[in-house]
Every structure is written in structure tokens, then in C-alpha cells.
Amino acid sequence: MSILAYLIPISLILGGIGLMAFIWTIDSDQYDDPQGNASRILKPDFDDHPRS
Amino acid sequence: MSTALRATPSACPACAVVPSAEALAARAVPQSAQVMLSVPAVHCAVCMSTIERGLALVPGVHQVRVNLTLKRVAIDGTPEITADGMVAALERLGYEAYELDAGQLTATTNDRHGRDLLMRLAVAGFAMMNVMLLSVSVWAGAEGATRAMFHWVSALIAVPVVIFSAQPFFRNAVSSLRAGRLGMDVPISLAILLATGMSLFETMEGGAHTYFDAAVALTFFLLAGRYLDYRTRVIARSAAEELAALEVPRAIRVVDGVETTVPIAELRVGDVVLVRPGGRIPVDGVVVGGTSELDRSLLTGESLPVWTGPDAVVSTGEVNLTGPLMVRVTAAGKDSSLHRMADLVAIAESAKNRYTSLADRAAQIYAPAVHLLALMTFIGWMMASAGDVRLSLNIAIAVLIITCPCALGLAVPAVVTAASGRMFRKGLLIKDGTALERLAEVDTVVFDKTGTLTIGAPEPVGLEAQDRGDLAVAAALAGASSHPLAQALATAVAVMGVIPAEVSALREVPGYGVEGEWRGTRVRLGRAEWLGATPLAQTGTYLAVGDASPRAFGFIDHLRPGAAEAVASLRAQGKTIHLISGDTAAAVADLAARLGIKDWVAGALPADKAERIRALTAAGHKVLMVGDGLNDTAALTAAHVSISPASALDAARVASDIVLLGRDLAPIAEAADIAVRARRRITENFGVSIAYNIIAVPLAMLGLATPLAAALAMSASSITVSLNALRLR
């Protein structure tokens, strides 16, 4: 069972990375226009001015 | 000391308007301009491409970004681009647009509280997943040192997360206890704190059962509900701000013959402003130069334009039709009609009885019941187990967790969010949280006429009965004027295939009409008083050829698109339809006949309208009022629930619960249907959670609920109610 000593910290770190990534998406305004982004990806023309 | 006494600009509520005025002034001379427009019709990827590519071609535009969720367009460009120009460009692309005040919108874009809630939600979600996995191993049969280690790791994750994420509940619970009430947050906080505290104690003692997973899951589910609830309210609030910003108030000030466009806030009493034909009068004042006709329909409901000239008193909101007017300001900004409107709304608001929402009513029963149940369980087990505090407390906590108010905390916000999202896609903005529930109860609908059922654009009637020669002359004269009646007449005659006669020396007499020369005789088209004609009962214009007696052309209002459908489907839903207007009896009778409305009242004063609605309410009806004018404001507020179109005056939009974004009226009937279904979903969800509790609570009180059963019951009920809510989309 000593494998748990590695697995638990690893799973916590992986989950923590996910949490950090989510917090980053909140901070960089990625939820301002969810519907628009969902449609934009299906547009045939190339988006020359992606929002910075 | 002296520095401490100096107030910062935002230190007092009244000063909060100063930054907005400064922002307006700053935008008058910007290096690069940003324009924000509301485009209610944008709905798909093609719309986005059309708008972004179409506007990018306009000179001076650097960047265009459509926000599909908020139905807005943000345009960056050189200082030459103006909101009016962009609105016109969008109109050419086929989209109606309204200017928004960017200064007022920034408050909603970087919204700190929403992010804060989302962050807590994310942390709680992360912790829930990890603690749940650890708990699964405990439930699967981990024992001894392994179980103790799992408990310790869970505690390590859960305790800081509960302290961080559940703060909103703790804060609300403390403030409601201070106010001497038992809100929803008191049982929630109690359950979370007791579960965490007891589990920590059990972990230290090496006990078998901990509730860390339940404490964290409870926090997560309830935070999700809180976040949805918050978002609905933010959308409602930003909608109200957006509407306040829809009409950015500006005026043309004339100083020594020089015209400058200034924000209304900068106008002072005694300034002279120029109001161009077609423009709305921005201030209260007295006409000092020019003659014209005024459209007062938004203020009084009368569709007939009135003459105005020097020394006539004009008020904010009237529309100038024919000639330019110079107006000396007698009251501007906060002192003018704006303030009167606010007063009107405030008076009506204070008279409005408070509606208790379904969720509030449920919470009033729920909170005491839960505490009582948990306390009874604790006392019962204390007696049964001869004073075993640890066992009794454990079972009481299980009861608290199982009765988790997920149906109240999560299901109602989920239903309201789904329903308002659906309404928003149909072009309706819900400004008030309980409006949806109130709309579901409506059995009587009262419509205003001018501007609501009609768009206020006149349409000539009975042209076939007129002499074609007269029509040709009238069309020639009408073509020379920008007056709405003249333009409607010219268009209608052209549609009939009549070629306008050759009329020379055309001249517009502002405020009266148009005159010219036709085959050597003087011909005039205009107001009845000018030509000495007997006025019609309805809106009309008159034609005089030489000295012959004048001919009259009658007009009726165009129906708003979807008005007939809305009336028909509301009637099909079993609702009674009334029409109350301030217009003349002839005009109202005609419209009522066209729509098949039997109950109509003409010539109603604002007080009459409100009085009739009160009478209907007193007779036990739940009234939906649909209106747009200042004269409707009191009626809108007196009604059980109210809707106004986006073209309505600010006061009417502020007073109403729901705002219709597009020109089409048909969504009103759909909205009533959505509201009924949303209400049904809410009651269904209460039913579901009551059913869960009837099964689970007795088991928990008997001490049969393990942490596994508690976790299952809680997650299952939360997920069921959320899925049920989503069926509405």
C-alpha cells in the first residue's frame, strides 16, 4: 500500500494544475462570450483578429 | 487633518455621477474611439461574420468584436467614428442597433463579486472530486491505518476549502441571525460547520465515519446555485443599466450662433438648444425661435401631432417633426422631467405590494422544520442511547446533511436561469427576479395603444375613394416634406401607381404644411387650422386646391409586427384582453376592431389607466400591463407584472418588469407560456426533493444513514432537480 504515498500527492498535484488552469481562464476573461466562441469556431473564414 | 476632510469624487453617492460625466467629456476628444452598440437581432455565426466584416469596411474602424452572449458589438477605431454612423452602417447590414454608454457598462464587465463566487466554486469542485475519491476507498472497505490516513488527507483538503469556499454562507447566516431571522443560510452553515467539526473530531479519535465529502459537496452544490442566482441578477441589473444607457442624452447648444454638441448634464438653465426636425426634445423649456409640430405620443398617448411656436412650453421626450426649434432651457438634467419620471415611479413603486417568491415561501417553512428535526433526532438519540453525545451528534448531522436545501438553493436558480436564457433568445429581458413567477399567474392582459400595439407610424386610409387628380397633387406636395404624415401619404400614393403632378415653387411652412403652385393655382397640404378645414376625428392631413373646400386624408397607425399574433395567442391561452388608450375614440375603436378586442377605453388619463388596473386587480384578476409611454408608468407599476418595448421612455422601462428588445410583439405570448412552464418546473422540483426527504429523513433519524447514503441522496437529488430545470431550454 506504500504506493499510495506517491499516488495521492500525484493526483492532488494533477487536480491542482486543473484548478490553476481554471482560475487562469477566469482571470483572462474567457467566459465573457461563451455562445460567441462556440459559434466562432465553426465559421468558415479565418479569424484574422482573434481577441488578445 | 485638512487632507482627510477632502472628499474623493466617489465618496458620496451623488458624486458617483461625476465620473460618468467626465467619461462622456473625455470621449468627446479621444485619441482612439470605442463605440459599444446593442444589437438585439444577432443570433448566429453568420450574423457575427456579416457584422464584423461589414463594419470593418467602414473607414476609420480598426477592430470589431461581436459578443453573441450579450448581443453587443464593440468597435475600436479612429476618433472620426461615431455611434450614429455605426448604427447607420449596421442598419445597412440589416440589423437594428442602439448605442450604449460605455462608461456605464464598465461596471458590469469587470465584475469582482461574480469572479469571487466562481473562484470559490472552482475550489469547492476541486476539493469535492478529491475528497469523494478518497471517500470511495473508505466506503470500499479500507480499514485501520489506511482509513485513518484517508481521513487525514480528506481533512487536510476539506477543512481549508470549507473555510474558504463556504464564506458567503457564513456571512449571510451571521447577518440574518443578527436581524433575528432564520434564513436558508443558517441551516446550511450549521450543517457544513457541524459536519466538518464532527468529522475532524472523528478523524482524531480514529472513528469509522466522517462527513468531509458531504460537507464539501454541500458547499459545491449550493455555491453552484448561488452563482446561477447571482448571474441572473447581474444580467437583470446590467440590463437595467444598459437600458438607461440606450439613449445617450446629448443636446446641441447654441452660443453666439456656434453649435456644439454637449451632454445634457452640462446644460444650464437659460442655455439655448437647437432641436432639429426628427430629434427628441432633450430638456424642458420654452420655444424662442421657429415653428413646428410636436409628436407627444410617448408622453400622453395622443397620436395627433400638436402645433408649436414661440413662447410654447415643450417638455423632455416630445419629438420635433417639421421645423428646427430653438428652445431656452427652463429645467435640465436632474431638475427636469427626468426627475418627475423618477418621482412618478417612486410613488407607484411604494404602492406596489411585495410579492413573495415560491423559494422564499418554501424557505420560511423549511428552515425551522430542519432545525426542529435535527434537534428532535439529537434529543431522541440522547435518551435512547443513555447520553451518548458522540453517536447522537453524528446522527443529527446526518439528518442535517440529508435535508440539504438543494431544491431551494440550486433548483430554483437553475429554472430561473434556464427560463430567462430562453426569454432572452426570444428578445425579452427580465429585470426582476420574481417577474417570471408573476407572469405565470396572469389571466388578464391590458395593452396600451400608441407605441405599443402600433408603432406610431401613420398609414393613410380610404385613398381609393379620393379623386386621382387630388392624389397626384397631394403626392407632389407631400414628397417635399419630411413630416411623417406627408411621407406616409407620398409612399402610399406611389404604391397606388399615381404619378405626382408637376407642382412648382414648393415651400415648406414649418409647423403648418407645404405649399406650391399647380397650373397657376396655389395648392396647400397641411394642418386643418391652416387651411380652414373641419378636422377629422382621427389623425389627418388636408389638401386645399385654390379656394375650393379642403379635402381630408385620414390616417391610422401601423400595427406593430406580431401584435395580431400576440393578441390571438394570448386569447388562445384563455386570457382576457383589454385596450386602454389616451387617444381619441375613433382611432382606438378602429384598432380594437382590427384586433378583435372587445374591451376598450379611449381618452384615458394616466390616473384612469392605473385606476382601471386597480379595479381589475380588486376584482381578483392578475393583470399584465403592456405599455410604453410616460402616461402608462403608473399603470405599469400598479399591474401584477408589466412589459414595455425597448422603444419606450426611460420611465416606462424602469417601471416595467420585462423589456421587449425587438420590434415584434409576438414573443409576449411565448413569454407567458415559458413562465407557466418554468413555474411548473419549480413546483416539480419541490416535489422531487420532498419525495427524497420523505424516504431519506426517517432512515437518517433512525440512524441508518451512513456517510455513503448521505452522499448518494444529496448528489442524486441535486442532479435530478438540475436536469429537470434544464428541460426548459
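Note on naming: letters A, B, ... go to the chains in the order of the sequence lines (proteins, then strands), and numbering restarts at 1 for each one.
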In terms of heavy-atom proximity below 4.5 Å to chain A, should B:Asn67 be classed as side chain, backbone, both, or neither? both
For the student: nearest non-hydrogen atoms of B:Val66 and A:Arg40, plus distance: O-NH2, 2.7 Å
Heavy-atom closest pair (A:Gly16 atom, B:Phe126 atom, distance to 0.1 Å) is N-CE1, 3.2 Å
Counting only heavy atoms not in B:Leu57 (residues, nucleotides, ligands), do more than 12 fall under 6.0 Å from its CG? yes
Give the minimum heavy-atom separation between B:Leu68 and A:Ser39, together with the two atoms involved. CD2-OG, 3.5 Å
Contact summary for B:Phe150 and A:Ile8, nearest pair of heavy atoms: CE2-CD1, 3.6 Å
From CD1 (A:Ile23) to CG (B:Leu118), nearest 0.5 Å: 9.5 Å
Contact part of B:Val46 toward chain A, heavy-atom cut-off under 4.5 Å: side chain, backbone, both or neither? neither
With only heavy atoms counted, which part of B:Met129 is less than 4.5 Å from chain A, the side chain, the backbone, both or neither? neither
So which part of A:Leu12 gets closer than 4.5 Å to some heavy atom of chain B, the side chain, the backbone, both or neither? both
Please state whether the side chain, the backbone, both or neither of B:Leu134 comes within less than 4.5 Å of a heavy atom of chain A. side chain
Can you measure from SG (B:Cys44) to CD (A:Gln35) and round to the nearest 0.5 angstrom? 11.5 Å
Could you tell me which non-hydrogen atom of A:Gly36 sits nearest to which non-hydrogen atom of B:Met48, and how far apart they are? O-CE, 3.5 Å
